[in-house]
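A short worksheet on the structure shown next.
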Amino acid sequence: RLPGAEDLDFDIRVDEGAMLPLDQNDLTELLGNLLDNARKWAKTTVVVEQSGSGLIIEDDGPGVPEAELARI
């Protein structure tokens, strides 16, 4: 349901039935924001990967300029 998302590949690497220690509404809002940001900057692919008890969301966009990393 994200604008432009139909033009991207979403590589979902999460075990079926995986759970996170978050309220469902909080998780929905958090994932919506993170996936929208990934969609906005991705060139072709967004990866959602399970990592222990968390998730990693990455895109193949330009990334944050080195000079900005300390600020954010």
Side-chain angles (χ1 to χ4, degrees):
R1 292 193 256 169
L2 299 168
E6 61 277 354
D7 299 330
L8 298 172
D9 291 321
F10 283 80
D11 183 1
I12 310 298
R13 304 174 189 172
V14 178
D15 294 338
E16 188 173 330
M19 299 186 71
L20 292 173
L22 294 170
D23 172 77
Q24 182 177 353
N25 292 329
D26 291 342
L27 178 60
T28 299
E29 184 173 344
L30 180 62
L31 283 176
N33 289 333
L34 293 171
L35 290 170
D36 186 43
N37 186 67
R39 183 244 358 131
K40 185 187 311 182
W41 295 104
K43 292 178 186 175
T44 62
T45 306
V46 174
V47 177
V48 179
E49 184 173 13
Q50 185 175 348
S51 175
S53 62
L55 292 175
I56 297 172
I57 299 175
E58 297 179 308
D59 62 72
D60 61 351
V64 176
E66 191 73 31
E68 293 292 314
L69 287 176
R71 184 181 68 79
I72 61 170

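No experiment lies behind these values; they were computed from the predicted model shown. We're numbering straight along the sequence, starting at 1.
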Exercise: identify the closest heavy-atom pair between Ala38 and Ile57: CB-CG2, 4.1 Å

Under 4.5 Å between side-chain heavy atoms, hopping through other hydrophobics if needed: is there a path connecting Leu27 to Ile56? no

Are Val64 and Val47 linked, directly or through other ILVMFWY residues, by side chains that come within less than 4.5 angstrom of each other? no

Is it the case that more than 12 heavy atoms not belonging to Gln50 sit under 6.0 Å from its CD atom? yes

Do you reckon Trp41 sits in the same ILVMFWY cluster as Leu35, going by side-chain contacts under 4.5 Å, direct or chained? no

When rounded to the nearest 0.5 angstrom, what distance separates CG in Asn33 from OG1 in Thr28? 11.0 Å

Can you see which heavy atom on Ser53 is nearest to which on Leu20, and at what distance? O-CD2, 3.1 Å

Approximate separation, where rounding is to 0.5 Å, of Glu49 CD and Asp11 CG: 8.0 Å

Do you know the tightest heavy-atom contact between Asp59 and Ala42? CB-CB, 3.7 Å

Look up atom CD in Glu29 and atom CG in Asp23, then write down how far apart they are to the nearest 0.5 Å. 10.0 Å

State whether the number of non-hydrogen atoms from other residues, nucleotides or ligands found under 6.0 Å of Gln24 atom CD is greater than 12. no

Given 3.5 Å as the limit, does a donor-acceptor pair link the side chain of Asp60 with the main chain of Lys43, or not? yes

What distance separates Leu31 CG from Asp26 CG, expressed to the nearest 0.5 Å? 11.0 Å

Can Ile12 be reached from Leu34 by stepping across I, L, V, M, F, W or Y side chains whose heavy atoms are under 4.5 Å apart? yes

